[in-house]
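Values reported hereafter were calculated over all heavy atoms of this structure, with side chains retained and with hydrogens, waters and symmetry mates removed. If you're wondering where the values come from, they're calculated on a predicted model, not measured in any experiment.
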Amino acid sequence: MTQSVVVQVGQCGNQVGCRFWDLALREHAHVNKRGLYDEALNSFFRNVDSRKSDGAEFAVGGRIQHLKARAVLVDMEEGVVNQILQGPLREVFDSTQLLTDVSGSGNNWAVGNMTYGSAYREKIVDKLRKAAEQCDCLQCFFLIHSMGGGTGSGLGTRVLSLLEEEFPEVCRVVTSIYPSGEDDVITSPYNSVLAMNKLTEHADCVLLVENQSLVDIVNKIKVMSHGTKPGLNIKRNSAVTSGQGGLSGAEKPFDAMNNIVANLLLNITSSARFEGSLNMDLNEIAMNLVPFPRLHYLVPSLTPLYTLADINVPTRRLDQMFSDAFSKDHQLIQADPKHSLYLACALMVRGNVQVSDVRRNIERLRPSLPFVSWNQEGWKTSLCSVPPVGHSHSLLALANNTCVKPTFMELRERFTKLYRKKAHLHHYLHVEGMEQSFFSEAIASLNSLIEEYHHLDATKARLMPDAPRLSIAR
């Protein structure tokens, strides 16, 4: 019986995290009909006695009393956290889990990392320790943040380094939301590259999500919902568009985008939360998918994706679901894995699916998916018996693939355009503790990362099928 702690940093991190808790509670309510605090709930929730001030906890097996999320919420503005505390999830968190300020980080990595990171270091560590002490067997920290702003990128990566410092043996899985090229934060290339330096150094694996991919998916869902066919409509309480996802106030344009990321987290944690014939521990993701410590950036793809909105479209057949998971339309970053090189791939399947179904589909898809020569069998699979609410089955694919290289090269290009002119640099260098060498170190780290992927890509041309083996008569 293991537990994990979710650490939500910045506006985007807290909005996505809040949506995750909303969907997780819905999933557990759908499965847990007896109202008992079971091991599935224990993995991400505590069951506390609200009548006692010391927050005494009830053991697994008893009645559900008062569920508290295993989470730490950090933001240097109060807006989103206040919305959470005024929304339907207000009882799931308490003040000991929250850390806010009022002025924000001004879209400046240095302010988030240096100023707030130093000022709140002890408080952050204290809240992380408290969350860890409430676990019997802490397996993983999930950090959710965005790369473009100041708090998510700066303080988010400072929290990541504190996690490694305080809990070096606990797996650190980071979900990073990357800005699009048309991002309205002018300094987002600086923030993203400075943050990537820390992600490369301190994370065990990073789930890459691009804003532009989320926009494209949501737009496609809108087109489908406004199509000419009768019955094509998105239900308000669907997995993609469910109200405010645990927040108070009117629905925002980016709520549907946040919900897609929350569904990614819902699926990656399903094996830890529910039983299955082939469960995958969260620390096995890094163990099996990361052959080299720096190359830990994973490409997620999710299916069903467009039916998450409960659009009245036919359910995808099982084999089609596997094909969808390897199509560009279902990826959460804009990339082309089939024309790049796979280092490893995980398939996390939910629902009534047999191991033989998974193996058959791997064999069917294998010829079109180029793997590195030394890891042709680089597949990791998990089967969770509980499907998402409203679906018979689902599949999350996590690919360690060199196709992330163009994304990183584009980010480097946007960084260089600003840095060549030293534009906006003074905003960073005025922050105490910030030096220009941090920029050169960060871009050198990114260059090195791109070069490592480039070297692997170069081996693709030399990939040859295995030589035929002689059959030995018996």
Checklist line | Close side-chain approach of N14 and Q8, heavy atoms under 4.5 Å | finding: yes
Notebook entry, point to check: Is I268 close to L396 at the side-chain level, that is, under 4.5 Å between some pair of heavy atoms?
Noted result: yes
Check: Hey, does the side chain of N47 reach the backbone of H66 with a donor-acceptor pair shorter than 3.5 angstrom?
Finding: yes
Check: Heavy-atom distance under 4.5 Å between the side chains of P300 and L332, does that happen here?
Finding: yes
Check: What are the two closest non-hydrogen atoms of V16 and A262, and how far apart are they?
Finding: O-CB, 4.0 Å
Next item on the list: State, yes or no, whether a side-chain contact exists between N211 and Y178 at a heavy-atom distance under 4.5 Å.
Entry: no
Notebook entry, point to check: Measuring from I217:CD1 to N259:CG, what's the distance to the nearest 0.5 Å?
Noted result: 12.5 Å
Next item on the list: Say whether, by atom type as modelled, one donor and one acceptor occur between the side chain of R172 and the main chain of L143 under 3.5 angstrom.
Entry: no
Next item on the list: Quick one: closest heavy-atom pair of L138 and S4, and the distance?
Entry: CD1-CA, 4.2 Å
Note to self: Against C12, only a single residue in T151, I177, I144, V80 fulfils side-chain contact (heavy atoms from CB on, under 4.5 Å); can you say which?
What the structure shows: I177
Notebook entry, point to check: What is the distance from atom NE2 of H30 to atom CG of L25, rounded to the nearest 0.5 Å?
Noted result: 14.5 Å
Check: Would the number of heavy atoms belonging to other residues, nucleotides or ligands and lying under 6.0 Å from CD of E165 be above 12?
Finding: yes
Checklist line | V372 backbone acceptor or donor facing Q376 side chain under 3.5 Å | finding: yes
Item checked: Rounded distance [0.5 Å steps], OG in S192 versus CG in L411 -> 5.5 Å
Checklist line | Verdict with reasoning, V299 to L398, per side chain to side chain contact (heavy atoms under 4.5 Å, CB included) | finding: CA-CA 6 Å; V299 178; L398 296 174; over 6 Å; no
Next item on the list: Examine distances only and state if a side-chain atom of K127 and a backbone atom of T96 form a donor-acceptor pair shorter than 3.5 Å.
Entry: yes
Note to self: Classify the ring geometry of W21 against F93: parallel below 30°, tilted from 30° to 60°, perpendicular beyond 60°.
What the structure shows: perpendicular
Checklist line | Short side-chain to backbone donor-acceptor contact, Q331 and A335, under 3.5 Å | finding: yes
Notebook entry, point to check: Given H454 and D457, is the side chain to side chain donor-acceptor pair (under 3.5 Å) satisfied, shown in steps?
Noted result: CA-CA 5 Å; H454 180 71; D457 258 341; 5.8 Å; no
Check: Is atom NZ of K380 surrounded by more than 12 heavy atoms (other residues, nucleotides or ligands) closer than 6.0 Å?
Finding: yes
Next item on the list: Determine, for K405 against E451, whether the closest basic-nitrogen to carboxylate-oxygen distance falls under 4.0 angstrom.
Entry: no
Check: Do NZ/NE/NH1/NH2 and the carboxylate oxygens of E363 and R366 come within less than 4.0 Å?
Finding: yes
Checklist line | Side-chain (S176) to main-chain (L208) donor-acceptor, under 3.5 angstrom | finding: no
Notebook entry, point to check: Can you tell me how far the CG atom of L194 sits from the CG atom of L199, to the nearest 0.5 Å?
Noted result: 11.0 Å
Margin query: Measuring only between side-chain heavy atoms, which start at C-beta, is N400 closer than 4.5 Å to P291?
Written below: yes
Margin query: Looking at every non-hydrogen atom in both residues, tell me the closest pair between L89 and C18 and how far apart they are.
Written below: CD1-O, 3.3 Å
Item checked: Taking every non-hydrogen atom, the tightest pair across L395 and A325 -> CD2-CB, 3.6 Å
Item checked: Donor-acceptor pair, side chain of R350 and main chain of V386, under 3.5 angstrom -> yes
Notebook entry, point to check: Salt-bridged, R273 to E27, with N to O below 4.0 Å?
Noted result: yes
Checklist line | side chain to side chain donor-acceptor pair (under 3.5 Å) between S448 and R294, worked out | finding: CA-CA 10 Å; S448 173; R294 286 166 51 85; 3.2 Å; yes
Margin query: How long is the straight-line distance from OG1 of T402 back to CD of E452, given to the nearest 0.5 Å?
Written below: 12.5 Å
Checklist line | Side chain proximity check, D94 to K68, heavy atoms < 4.5 angstrom | finding: yes
Margin query: Quick check: W374 with Y342 (ring centres under 6.0 Å apart)?
Written below: no
Item checked: From K198 atom NZ to T157 atom OG1, the distance as rounded to the nearest 0.5 Å -> 7.0 Å
Notebook entry, point to check: Taking atom CD of E275 as the centre, does the number of heavy atoms from other residues, nucleotides or ligands within less than 6.0 Å exceed 12?
Noted result: no
Margin query: Checking L343 against N375 for the side chain to side chain contact (heavy atoms under 4.5 Å, CB included) test, could you report, in this order, the C-alpha distance in whole Å, the side-chain angles of both residues, the deciding distance, and whether it holds?
Written below: CA-CA 7 Å; L343 308 185; N375 199 25; 5.7 Å; no
Check: Where do V6 and F141 land on the side chain to side chain contact (heavy atoms under 4.5 Å, CB included) test, with the steps shown first?
Finding: CA-CA 6 Å; V6 176; F141 283 106; over 6 Å; no
Check: Between L265 and T175, is a side chain to side chain contact (heavy atoms under 4.5 Å, CB included) present by the stated rule, with each step listed?
Finding: CA-CA 8 Å; L265 296 169; T175 301; 3.3 Å; yes
Checklist line | Charged N-O contact under 4.0 Å between R360 and D319 | finding: yes
Note to self: Treating R70 as the side-chain partner and V5 as the backbone partner, does any N or O pair qualify as donor plus acceptor under 3.5 Å?
What the structure shows: no
Check: Can the ring centres of F274 and H28 be said to be less than 6.0 Å apart?
Finding: yes
Margin query: Could you check whether any side-chain N or O of H145 sits under 3.5 Å from a backbone N or O of L155, counting only pairs where one atom can act as donor and the other as acceptor?
Written below: no
Next item on the list: Give the intermediate values and the outcome of side chain to side chain donor-acceptor pair (under 3.5 Å) for residues T381 and R359.
Entry: CA-CA 9 Å; T381 57; R359 287 176 179 160; over 6 Å; no
Item checked: S271 side chain to M280 backbone, donor-acceptor under 3.5 Å -> yes
Next item on the list: Would you indicate whether the side-chain heavy atoms of V261 and N258 approach each other to under 4.5 Å?
Entry: no
Checklist line | Pair F45 + Y37: ring centers closer than 6.0 Å | finding: no
Check: Is the CG atom of N352 crowded by more than 12 outside heavy atoms at less than 6.0 Å?
Finding: no
Next item on the list: Going by the side-chain contact (heavy atoms from CB on, under 4.5 Å) test, name the single residue among Q3, R129, R46 that passes it with Q134.
Entry: R46
Note to self: When you compare the side chain of L295 with that of L456, does any pair of heavy atoms fall below 4.5 Å?
What the structure shows: yes
Margin query: Can a side-chain donor-acceptor contact be found between T200 and Y297 if the only test is distance below 3.5 angstrom?
Written below: yes
Next item on the list: List the atom of D329, the atom of K220, and the distance in Å for their closest heavy-atom pair.
Entry: OD2-NZ, 3.3 Å
Next item on the list: Check each of V9, V159, L128 against V72 using the side-chain contact (heavy atoms from CB on, under 4.5 Å) test, and report the only one that passes.
Entry: L128
Next item on the list: Measure up the F44 and F20 rings against each other and bin them: parallel (under 30°), tilted (30 to 60°), perpendicular (over 60°).
Entry: perpendicular
Next item on the list: Apply the test side chain to side chain donor-acceptor pair (under 3.5 Å) to residues D216 and Q212: give CA-CA distance (whole Å), side-chain angles for both, the deciding distance (0.1 Å), then the verdict.
Entry: CA-CA 6 Å; D216 292 345; Q212 191 56 52; 3.1 Å; yes
Margin query: My understanding is that only residues two or more places apart in sequence, or in another chain, count here; which of them pass side-chain hydrogen bond (donor to acceptor under 3.5 Å, both in side chains) with N267?
Written below: S394
